[in-house]
Amino acid sequence: NISHFALFQQRQQRGGASILSIFTGNANALSLSSIAPLALFCIINCEIVMKPRSAMPKDELERDEEDPTEVFRPEEPDAEECKVKCLRHFSHLIDDFDMGDRISDPSQKVRIAYIGQKAAAEAAITVMEEEADVRDGLEEEIRQLEARLEGKIKKENDALEDYRRATNEVMCLEMAEPSRWNATFLKLKWYVMKKDKLPPVPAACTTEDDRKLSIWVEEMKSLVYSKSERIVNYPHRIEALESIGIEWIESSEESWNKMYARLAAYKRKHKTVRLPPFMQCRRSKDKDLIALRQWVDSQEVDVKSGAIAKRRDRLKKLQDLGLPFELTWEQNWDHYIEELLRFRSKYGHLDLAWSANSDLEIFMDGLLKRLKRRTGEYKLTKEEMDDLCSKGLMNDLKKLTSRPVGRPSVADNQSSHGMKLIPLERVKEVNVWVAMLDQLRAYQADHGTLKLPPPRRLGGRGTGEYDRLHDWVEAQRRSYKAKTLDESRVNELRKLGLEFDLWESMFAKLKKYKREAGTARLPKKYTSNDSELVDLCLFVTNQIKLYRKDQLDPDKKKKLRKLGVRLMKNHMGKATWEERFDEMMDFYHLNKTCLPKRDGPLRQWVIELVDLLHNGYVSQRRQQLIDESNIAPFLQRDVIFNGATPCTKKRKATPGNGLPSDVKKPKEEEICVV
């Protein structure tokens with residue numbers, strides 16, 4: 001019935017048609033049971049159906065055009081979608097080069113497709129054969145190169161073995177060669193074999209020969225400690241001295257334990273660890289008591305400066321012995337914050353009811369009290385608040401301040417099935433870490449470096465936009481140094497190129513700079529286009545400041561002094577004329593030129609010296625030193641700046657005048673052209 005009415009409505013729209021014509025035209029298809037309801041429907045709607053379009057109002061015509069009724073209009077399938085589905089359906093069947101015609105009498109379109117398929121298959125086969133030929137050739141070439149490399153490695157190992165054998169023979173012959181050192185060592189060896197011990201200190205020796213041997217042993221120890229060339233260039237002599245039982249330097253750990261044992265013995269004897277004042281100890285003329293008093297004073301200085309915070313085990317021993325040593329809140333901050341990070345990494349929360357560390361609980365109580373205080377003396381500083389935020393501890397601490405402290409229940413950390421859940425605090429901490437890592441990546445992409453500007457609280461002149469990122473990076477370095485940073489995070493930061501040990505990195509740069517510029521004595525400020533040189537000047541200045549505050553590690557002191565850095569304020573970048581001359585001579589012996597290529601204090605000094613020599617303004621004493629060193633021909637202007645051959649006609653190549661007889665005249669290509 002609906003279909004017949006739709007047909008009627010369509011005819012009515014095309015020009016109007018009577019109900020009888022519809023009924024008559026479809027009499028064969030309509031039955032009496034279907035005509036009656038349709039006729040009734042049309043009579044009821046006669047006013048609308050029979051009304052012609054010309055008589056309909058304008059608004060009704062517009063409404064009719066806007067919402068036309070469409071009946072039984074099937075959606076046509078998308079040809080592109082069918083094509084994609086077809087390709088996806090047959091693609092898994094294409095696994096070989098099947099170039100046969102599947103249809104015996106194909107149409108023109110299929111025939112063209114067959115031709116294209118065969119051409120593509122032939123091209124693919126050709127490319128695969130070429131690739132196989134190239135691969136076979138490369139594999140054969142690689143085998144030949146590996147064989148050559150193995151041969152070279154074998155020759156290298158044989159040559160090194162021959163060199164070691166020859167060097168060992170030379171060292172053995174040198175030890176048997178008659179010389180003063182060998183004679184003294186032989187006397188010392190006989191002394192040890194006879195008395196089964198080394199000679200005592202010079203003051204305790206009973207004979208003059210023993211005293212001389214003792215002085216000689218102390219001299220050898222001093223040479224080894226200072227890395228003097230007189231002993232460092234003879235490693236077989238060091239080995240020989242060690243073979244008879246000489247220990248070069250007493251380790252700091254052994255020295256500290258020895259003095260601690262003395263203090264414990266003093267307490268057992270006198271029932272107290274309070275030593276007499278230093279002047280009273282000096283009047284007693286007891287060397288052991290004076291040394292013990294000086295050691296206790298040095299420990300007190302380490303406590304006040306915070307240097308002993310890195311050795312909590314020593315501090316604990318001194319406190320157990322009865323010394324009233326306590327670190328301040330600021331000195332304890334870094335240590336206990338790292339302990340809190342370790343605890344949260346293990347348990348997933350900061351409820352210290354799980355902890356057996358009473359000192360950590362005391363610190364946590366003080367931290368929560370300071371966190372609750374908004375004003376007053378005992379409150380957290382801005383730097384401490386930023387440190388807590390950068391390490392993701394602030395939210396955990398705020399939750400602890402809003403509920404009573406107690407041991408977390410099992411239901412908080414485990415599900416009903418016994419599976420361990422990841423704590424929410426851990427999830428938040430990971431999200432904060434990932435967000436800061438993304439900020440570091442964005443900074444590297446924008447600036448091309450991971451060197452962040454110093455925060456404003458440390459004297460930085462920036463806007464403070466990257467202060468939090470700077471603190472976060474420093475926190476990662478501290479966690480890495482304390483071995484609390486996860487390995488996955490270490491790998492992510494290393495992929496970006498972040499350096500964890502900045503001191504070692506800057507020291508390596510300073511070492512490289514000395515090889516290129518000839519000096520490590522850098523001033524506080526130096527105007528240069530070399531940005532690395534400016535950073536090195538700042539680095540050396542900071543090391544001198546730490547040394548003056550007694551906050552520089554002993555190992556770092558040794559490395560800097562061995563490199564030639566003077567750690568005294570009076571020597572900050574300053575050097576006498578003779579010291580610069582020695583640096584120039586050392587640079588010349590290594591590089592066969594007096595003028596360093598890289599900008600720096602030594603280069604400027606050499607340029608000034610060349611001008612003074614050219615104008616004749618050098619004093620007689622300095623001119624004599626230059627002549628005795630046979631370096632004057634290499635300080636001429638044409639040699640320094642134009643790379644010309646040094647003129648040595650004025651002086652003959654005889655010992656004591658000009659170049660030594662055993663030194664060859666340097667070739668022109670050996671002279672550095674500046």
*How far apart are the C-alpha atoms of Asp313 and Lys316, what are their side-chain angles, what is the distance that settles it, and do they pass the salt bridge (charged side-chain N to carboxylate O under 4.0 Å, His left out) test?*
CA-CA 5 Å; Asp313 54 339; Lys316 186 68 175 175; over 6 Å; no

*asked:* Using side chain to side chain contact (heavy atoms under 4.5 Å, CB included), reason through Glu130 and Thr126 one step at a time and then give a plain yes or no.
replied: CA-CA 6 Å; Glu130 293 176 354; Thr126 303; 3.8 Å; yes

*Using the side chain to side chain contact (heavy atoms under 4.5 Å, CB included) rule, take Arg148 and Gln144 through it: C-alpha gap first, then chi angles, then the decisive distance, then the call.*
CA-CA 6 Å; Arg148 289 179 58 190; Gln144 294 176 1; 5.6 Å; no

*When you look at Arg314 and Tyr260, which way does the side chain to side chain contact (heavy atoms under 4.5 Å, CB included) test go after all the steps?*
CA-CA 9 Å; Arg314 294 184 178 180; Tyr260 176 78; over 6 Å; no

*Between Asp158 and Lys154, does a salt bridge (charged side-chain N to carboxylate O under 4.0 Å, His left out) hold up when you go through it step by step?*
CA-CA 6 Å; Asp158 295 341; Lys154 187 176 182 304; 3.4 Å; yes

*asked:* Using the rule given for side chain to side chain contact (heavy atoms under 4.5 Å, CB included), can you reason through Leu602 versus Leu595, listing the C-alpha separation, both sets of side-chain angles and the distance that settles it, and then say yes or no?
replied: CA-CA 8 Å; Leu602 182 60; Leu595 186 66; over 6 Å; no

*Would Glu131 and Arg135 satisfy salt bridge (charged side-chain N to carboxylate O under 4.0 Å, His left out), going step by step from the backbone distance to the final call?*
CA-CA 6 Å; Glu131 187 267 344; Arg135 184 184 296 275; 2.5 Å; yes

*Start with the C-alpha distance between Lys511 and Glu504, add both sets of side-chain angles, then the distance that settles salt bridge (charged side-chain N to carboxylate O under 4.0 Å, His left out), and finish with yes or no.*
CA-CA 10 Å; Lys511 198 172 182 180; Glu504 290 293 336; over 6 Å; no

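Looking only at distances, no side-chain donor or acceptor of Lys187 sits under 3.5 Å from a matching main-chain atom of Leu213. In terms of modelled atom types and a separation under 3.5 Å, the side chain of Ser629 and the main chain of Ile631 share no donor-acceptor contact. Of the possible donor and acceptor atoms, none in the side chain of Ser214 sits under 3.5 Å from a partner among the backbone N and O of Arg211. In this structure, Asn157 contributes its side chain and Ile153 its backbone to a donor-acceptor pair below 3.5 Å. A distance-only check finds a donor-acceptor pair linking the side chain of Gln444 to the backbone of Leu496 [under 3.5 Å]. Of the possible polar contacts, none joining the Ser228 side chain to the Ile231 backbone as a donor-acceptor pair under 3.5 Å is found. The backbone N or O of Val610 lies less than 3.5 Å from no partner atom in the side chain of His614, so there is not a single donor-acceptor pair. Using modelled atom types, one side-chain atom of Ser243 and one backbone atom of Ala240 make a donor-acceptor pair closer than 3.5 Å. At least one donor-acceptor pair closer than 3.5 Å links the side chain of Glu579 to the backbone N or O of Thr576.
With contacts defined as side-chain heavy-atom distances shorter than 4.5 Å, the pair Asp553/Leu546 does not qualify. Cys594 has its side chain out of reach of Phe587: every pair of non-hydrogen atoms, C-beta onward, lies at least 4.5 Å apart. Within the 4.5 Å cutoff, side-chain heavy atoms of Leu510 are placed close to those of Leu522. Side-chain contact between Leu450 and Val473: absent, with no pair of heavy atoms (C-beta onward) separated by less than 4.5 Å. With contacts defined as side-chain heavy-atom distances shorter than 4.5 Å, the pair Gln476/Leu485 qualifies. Looking at heavy atoms from C-beta onward, Ile246 lies out of side-chain contact with Met220 at the 4.5 angstrom threshold. Annotation: side chain of Val170 is not in contact with side chain of Asn168 (no heavy-atom distance under 4.5 Å). In this structure, Met436 and Leu440 have side chains that are not in contact, with every pair of non-hydrogen atoms separated by 4.5 Å or more.
For the pair Met171 and Pro235, the tightest heavy-atom approach, listed with the atom from each and the gap, is CE-CG, 4.0 Å. Scanning both residues, Ala517 and Asp599, for their nearest heavy atoms gives CB-O, 4.5 Å. The two residues Arg262 and Ala291 have their closest heavy-atom pair at NH1-CB, 4.3 Å. Contact between Asn591 and Arg515 at its shortest, heavy atoms only, is ND2-O, 4.3 Å. Closest approach of Val618 and Arg622 over heavy atoms only: CG1-CB, 3.6 Å. Between Tyr191 and Leu198, the shortest heavy-atom contact is CE2-C, 3.8 Å.
Within 6.0 Å of atom NZ in Lys556, more than 12 heavy atoms from other residues, nucleotides or ligands are found, so the atom counts as buried in its surroundings. For Phe539, the CZ atom counts as densely surrounded, since its 6.0 Å shell holds more than 12 non-hydrogen atoms of other residues, nucleotides or ligands. Under a cut-off of 6.0 angstrom, the local environment of CD in Gln620 is sparse, with at most 12 non-hydrogen atoms contributed by other residues, nucleotides or ligands. Atom CH2 of Trp190 is surrounded by 12 or fewer heavy atoms from other residues, nucleotides or ligands within 6.0 Å. Atom CZ of Arg230 is surrounded by 12 or fewer heavy atoms from other residues, nucleotides or ligands within 6.0 Å. The number of heavy-atom neighbours closer than 6.0 Å to CG of Asp196, taken from other residues, nucleotides and ligands shown, is 12 or below. The 12-atom threshold is not exceeded at CD of Glu169, counting heavy atoms of other residues, nucleotides or ligands nearer than 6.0 Å. Around atom CZ of Arg143, more than 12 heavy atoms belonging to other residues, nucleotides or ligands sit under 6.0 Å away.
No cation-pi contact links Arg477 to Tyr480, judged by a cut-off of 6.0 Å to the six-membered ring centre and 45° from its axis.
Between the CZ atom in Arg598 and the CZ atom in Arg603 there is a gap of 12.0 Å [rounded to 0.5 Å]. Rounding to the nearest 0.5 angstrom, the gap separating the NE2 atom in His236 from the CG atom in Leu241 is 10.5 Å. Rounding to the nearest 0.5 Å places NZ of Lys451 at 10.5 Å from NE2 of His470. Note: Lys212 NZ to Leu188 CG = 15.0 Å, rounded to the nearest 0.5 Å. Between atom CZ of residue Phe507 and atom CG of residue Leu536 there is a gap of 11.5 Å, rounded to the nearest 0.5 Å. Taken to the nearest 0.5 Å, the OG atom of Ser479 stands 9.0 Å off from the CZ atom of Arg489.
Between the side chains of Arg580 and Thr519, at least one donor N or O sits under 3.5 Å from an acceptor N or O. Side-chain contact of Asn182 with Ser179: a donor-acceptor pair under 3.5 Å is present, judged by distance alone. For the residue pair Ser505/Glu499, the side-chain donor-acceptor check at 3.5 Å is satisfied. Side-chain atoms of Trp605 and Glu583 include no donor-acceptor pair closer than 3.5 Å.
Ion pairing between Glu492 and Arg441 holds under the 4.0 Å rule for side-chain N and carboxylate O.
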